[in-house]
Number of protein chains: 2
Amino acid sequence: MVMELRYNPLIGEWVMVSSVRETRPWQPSNQCPFDEGNEETGTGWRFLILPNRFPMLTPNAPEAHKVDGFRARRSLGYCFVIVETPKHDLSDLHEIPLEDLTLVLRGVRDKMRELEEVSFIRYIYFFRNKGKEIGVSLTHPHSQMYALPYVPLRVRLELRNMRRYMKRTGKCLLCSVLEEEVKLSERVLYANSDYYVIKPYYSMWPYEVHVIPRRHVQKMTQLSDGELTTLADALRVTTAILDNVLVRDMPYIMALHQGPVKNDESYHMHVEFYPMLRDANKLKYAAGVEWGLWTFTYDSSPEDKARELKETCRKVSQSLKPMGSCA
Amino acid sequence: MVMELRYNPLIGEWVMVSSVRETRPWQPSNQCPFDEGNEETGTGWRFLILPNRFPMLTPNAPEAHKVDGFRARRSLGYCFVIVETPKHDLSDLHEIPLEDLTLVLRGVRDKMRELEEVSFIRYIYFFRNKGKEIGVSLTHPHSQMYALPYVPLRVRLELRNMRRYMKRTGKCLLCSVLEEEVKLSERVLYANSDYYVIKPYYSMWPYEVHVIPRRHVQKMTQLSDGELTTLADALRVTTAILDNVLVRDMPYIMALHQGPVKNDESYHMHVEFYPMLRDANKLKYAAGVEWGLWTFTYDSSPEDKARELKETCRKVSQSLKPMGSCA
């Protein structure tokens, strides 16, 4: 049995190794483990934050094996599953009432506040995988939270670039990007009082969309209850758009990019959605160029996609009745 | 129509945008375009280097559109397809005779030498995508080469880490890794006179394998004819192992990581294979953790996988008769 973090010195990043997970079931044998009334779930709840049964990180991780010439460390941390609703058959966040989704986000924020106090936690990651196309075995609406003992590479890169920009210009990088996007308006899909939903100029995935707070804020723990209501609203609009733009379920990754636990004023939190489709019948495959170089190929025009997404926003907003308005 | 490079300032990397590619066929309508005797291919060849018909980069790329607040530049470069054999039905490199594969690699190296002379080329990438699981539409054996006007992010990270290590220790990072792997021998799968095939300690994909030259060399253009023969041998052994370890076709990405055109002595070239399967029936999905953080989860033990791969090496070497020997 191996459970440890191993360091890849070429790219400068940890790999979470855990052979325990090899045995995890691909599909639950009979009943959905997230439904009400199960051993783990109980009854009478509106959402749940459960420890992941097959965690990559745990506070009682074994000692790492020492191997000459290589670096390993303990897999210290936490992995949680957030069951967002007792309803098994909801397709996505926009089918959860605004009030209920706001409660989920408050629960997540409050959990993050607890985790920030744990001495070995350096970074907290809130994310959502959706769709069998990216290997999601459980269809019951859920998201996840990892509390990590290191700041992961992609966030370190963002942080470095935001820091440099602030040093050079005195301004926040993402505030400047947002200012330009709003001025141009071509790629702004939606706005409410606290957030913009943008189709970024520099999108990597065909239908990639970012949710960006207007306020220069680093972390979810800094958000007020009101800012969680408007965040829930922006997320609901985003999943409603993604679920309708191709008139079929959209598999996607939702990634909250926030600053590290140890606060850095230059960071601007935002939520990135990476949808996996190019069109209704085609996946966007990440292959040699994307994985080998971390350079993306974008086989379309972000502005064309922005037009499709805007049109869908206007369509879905009629029934969704969001707090803000589509562009 | 958009064809340009756009800069993602958050991660600090270019995105290759090309809406021309939207129209490219998923499957060729009738006949394989890489078979002998087609309009593009002609007859009487053992391998071909053809311009990609739907390139992301081209020497006559249009001017980039200027947009306030964002960076764009021309998609200057070259994209080639290397048809490795006229035989349509070969499964992988190991079914190409050693002598023929050596000729292919010489052709690639010589083309790289030409491309290194082009003023706007900063990096040359040789890679191979295999399998419908990563979106490969043409089954005729082929690899690809991109000549880029910038050094891509993943290589920049490697270069930075190798440079730092050399500055700190006076040694090459990958030479040190190789020394330790050889000393331990647990993860060494195969060795010939010039290369080791290793299951890295810090593997990110379940069956990830690296081919590493013993000699501290930066680029493929520095390899002698003899070193291309032994490289062909090591690549053949690697694909034979991957094609047999799960007793089924293995979809994979092969990525040559070499130094930039402008040479940097600290870089050590190597070939990384990212196979897409966890076991015979399961894909390894990259999802929220991998894409959102660029941190990998490894659901097994690299040492267990090394054992499987070693056993397969011994099995396939009986018929393959490679130049070196399995560990």
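First the proteins, then the strands, lettered A, B, ... as listed; each starts at 1. The basis for the numbers below is simple: all heavy atoms, side chains too, and nothing from hydrogens, waters or symmetry mates.
Atoms CG and CG, from A:L293 and B:L148 in turn, are 6.5 Å apart once rounded to the nearest 0.5 Å. For the atom pair B:N8 CG and A:N161 CG, the distance stands at 8.5 Å (nearest 0.5 Å). The distance from the OH atom of B:Y298 to the CD atom of A:E4 is 12.0 Å, given to the nearest 0.5 Å.
B:R160 touches chain A through its side chain: at least one heavy atom from C-beta onward sits under 4.5 Å away, while N, CA, C and O do not. With a 4.5 Å cut-off on non-hydrogen atoms, B:L157 touches chain A through its backbone and its side chain both. With a 4.5 angstrom heavy-atom cutoff, B:Q144 does not touch chain A via any of its atoms. Within the 4.5 angstrom heavy-atom criterion, only side-chain atoms of B:L174, from C-beta onward, approach chain A. Looking at B:H268, there are no atoms closer than 4.5 Å to chain A (heavy atoms on both sides), in backbone or side chain. Within the 4.5 angstrom heavy-atom criterion, only side-chain atoms of B:E303, from C-beta onward, approach chain A.
Interface check for chain B: of the options A:G292, A:A255, A:P302, the most heavy-atom pairs under 4.5 Å are formed by A:G292.
Here A:S176 pairs with A:Y165, A:K171 under the side chain to side chain contact (heavy atoms under 4.5 Å, CB included) rule; sequence neighbours left out. Under the rule for a side chain to side chain donor-acceptor pair (under 3.5 Å), the partners of A:T295 that lie at least two apart in sequence or sit in another chain are B:E13, B:Y150.
A ring-centre distance under 6.0 Å is found for B:W291 and A:F296.
Between B:V67 and A:L184, the shortest heavy-atom distance links the atoms CG1-CD1, 3.6 Å. Residues A:Y201 and B:R6 share a closest heavy-atom pair of O-NH1, 2.9 Å.
The shortest side-chain heavy-atom distance between A:Y202 and B:P9 falls under the 4.5 Å cut-off. Residues A:S19 and B:D299 are not in side-chain contact: their nearest non-hydrogen atoms beyond the backbone lie 4.5 Å or more apart.
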